[in-house]
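Structure first, then comments.
Chain letters run A, B, ... following the sequence lines, proteins first, then strands; residues in each count from 1.
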Protein chains: 2
Amino acid sequence: MEQTKPIFTQEGHKEDVKNRLLDAAEALFCEKGFDRVSVRELTAAAGCNVAAVNYYFGGKDKLYAEMFRRQFGTMIQRNLDVIERVMSQPGVALEDLLRAVMKPLIRRVIENETGGKVIRLLVREILNRQIDRELFARDMKGQLFARLGRVILQLVPDIDPDRILLVVLSFDGAILHPFLFMEFYQEIMPDLTIDDLLDHMVRFVAAGIRGYAKPNQEGN
Amino acid sequence: MEQTKPIFTQEGHKEDVKNRLLDAAEALFCEKGFDRVSVRELTAAAGCNVAAVNYYFGGKDKLYAEMFRRQFGTMIQRNLDVIERVMSQPGVALEDLLRAVMKPLIRRVIENETGGKVIRLLVREILNRQIDRELFARDMKGQLFARLGRVILQLVPDIDPDRILLVVLSFDGAILHPFLFMEFYQEIMPDLTIDDLLDHMVRFVAAGIRGYAKPNQEGN
DNA sequence: TAAAAGTTAAAACAACTGTTTTAAACGATA
DNA sequence: TATCGTTTAAAACAGTTGTTTTAACTTTTA
């Protein structure tokens, strides 16, 4: 293991140890996952002693949970803010909403931003059954899904309200795939621009939602 | 750590040790991930000695790769077979194709089958950057995507061929979401039947594809 | 200013980890 | 049946791990 030198201290400033540890946790856990980052590596990156994790957080597990708590609430609120901003404008179309929600997320993963990394880590953890997914999925993301469901119904009133949740989940799936596999996208489509991708996504989802809202066209 | 007793030996039969280890690997890695399953736990489950992993596979990492190799090729082939079977029937519609591809996959995760578990594990590993994703994504799944693209173009000829790959990827996203988060689906929609879910998925994706194939309806 | 509280750090701890070593046991062959 | 090749298994190895212990140091409080 290569020697980790402190990267979260600021010369000349007495940084808060807890925040330094949380910053280090975000960077390293997102990169390598929980199990492959040792407390020694974390504390070296944060420029403090291994005992600090237990002293301040009660252990590695709890640091991890706190890291998610710190990030995730912010992300959900950010999405809710985006939705409110779009819906407060006059004459808003479904495509406007979809684009407004998708664009920052896709940009985030392309720019390799921390928020994007944390979402990927969260998906991994949900799949790993490492964290209580009810906490994040139902209590926080459920809130976002409910809000999205209401505004989509507003914009496309013909959708069966009993099916709106499934529609929202399919919307989530449409975002999640490029979000998680962006490197793959870039490899197989080297010339794909972010705008092309967003155009596609908006178009596909809007058509899916609108087609869904129409009378059943399937009979053949 | 609870004591793991051998579960992959068959009384009265001299089982192949390699296959027993591979079976144990599938079960345990899918459940807990690579890092949380020790060689001792694996070999206990397989009813053999810890040295066997190195003797037969050259180490834990190589057992892992072999496990994927064993499973993944089968899965891709299975999907290709489904596609050929559907497309060999007369008068096949887009919805028939979509349903035929989706149904076994969704059923697999609901029934908690090994194939479903391995796909989840694969997604986790791609996100973890633990395995060379080119091997699986480009060489194997790329094959499936290319085939899907061709048959979708056959069924919906109006799609811009330059965009077909993105369409296939969105199709994949629509499957992957319920696939990965099926427990969440079941929690928030306890009465959802598999047929309801499939109907929704087919409908959403078919509408997305068909709407996509139409002239741009976005101008407002 | 002294005492109490908080923080830091090194050493220790007990457990775990994948791999290697070594020799016994087993199976195949002449 | 003896020899050779393969398989098995226990012990050993060297390293890693999160947590705890202990005491020194620093800051706060009265």
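Contact check on B/Lys18 versus B/Glu66 returns no salt bridge, with no Lys/Arg side-chain nitrogen under 4.0 Å from an Asp/Glu carboxylate oxygen. A salt bridge between B/Glu41 and B/Lys32 is present, with a side-chain N of the basic residue lying under 4.0 Å from a carboxylate O of the acidic one.
Partners of A/Leu176 by side chain to side chain contact (heavy atoms under 4.5 Å, CB included), not counting sequence neighbours, listed by chain and number: A/Val123, A/Leu180, B/His177, B/Phe181. Evaluation of the side chain to side chain donor-acceptor pair (under 3.5 Å) rule for B/Arg70 yields B/Asn19, B/Asp23, B/Glu26 as partners, not counting sequence neighbours. Every residue two or more places apart in sequence or in another chain that forms a side chain to side chain donor-acceptor pair (under 3.5 Å) with A/Glu84 is listed here: A/Arg147. Residues that satisfy the side chain to side chain contact (heavy atoms under 4.5 Å, CB included) test with A/Ala100, not counting sequence neighbours, are A/Val82, A/Val86. Legend: residues meeting ring pair (Phe, Tyr, Trp, His ring centres under 6.0 Å) with A/Tyr56, ordered by chain and number and at least two apart, are absent.
Rounded to whole Å, atom C1' of C/dG18 lies 12 Å from atom NZ of B/Lys62. The CG-C1' distance, from A/Leu21 to D/dG18, rounds to 14 Å in whole Å. Remark: P of C/dC16 and CD of B/Glu41 are 12 Å apart, rounded to the nearest angstrom. To the nearest angstrom, P of D/dT17 lies 14 Å from CZ of B/Arg36. The interatomic distance linking B/Asp35 (CG) with D/dG18 (P) rounds to 12 Å, in whole Å. Atom P of nucleotide D/dG18 and atom CZ of A/Phe57 are separated by 15 Å, given to the nearest angstrom. Distance, A/Lys60 NZ to D/dT20 P: 15 Å, rounded to whole Å.
Direction of the helix axis in the helix from C/dT1-D/dA30 to C/dA30-D/dT1 shifts by 10° between the two five-pair termini, rounded to 10°.
Applying the salt bridge (Lys or Arg N to Asp or Glu O under 4.0 Å) test to pairs two or more places apart or on separate chains, those with a residue in residues 161-174 of chain B are A/Asp196-B/Arg163, B/Lys141-B/Asp172. The salt bridge (Lys or Arg N to Asp or Glu O under 4.0 Å) contacts involving residues 42-56 of chain A comprise nothing, where partners must be two or more places apart or lie in separate chains.
Contact between the side-chain N/O atoms of B/Ser38 and the OP1/OP2 oxygens of C/dT17 is found at a separation under 4.0 Å. The phosphate of D/dG18 has neither OP1 nor OP2 within less than 4.0 Å of any side-chain N or O from A/Asn54.
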Write out a two-atom table: protein N or O, nucleotide N or O from nucleotides 8-12 of chain D, distance below 3.5 Å.
unit_1, atom_1, unit_2, atom_2, d
D/dT8, OP2, B/Tyr56, OH, 2.3
D/dA9, N7, B/Asn49, OD1, 3.4
D/dA10, N7, B/Asn49, ND2, 3.4

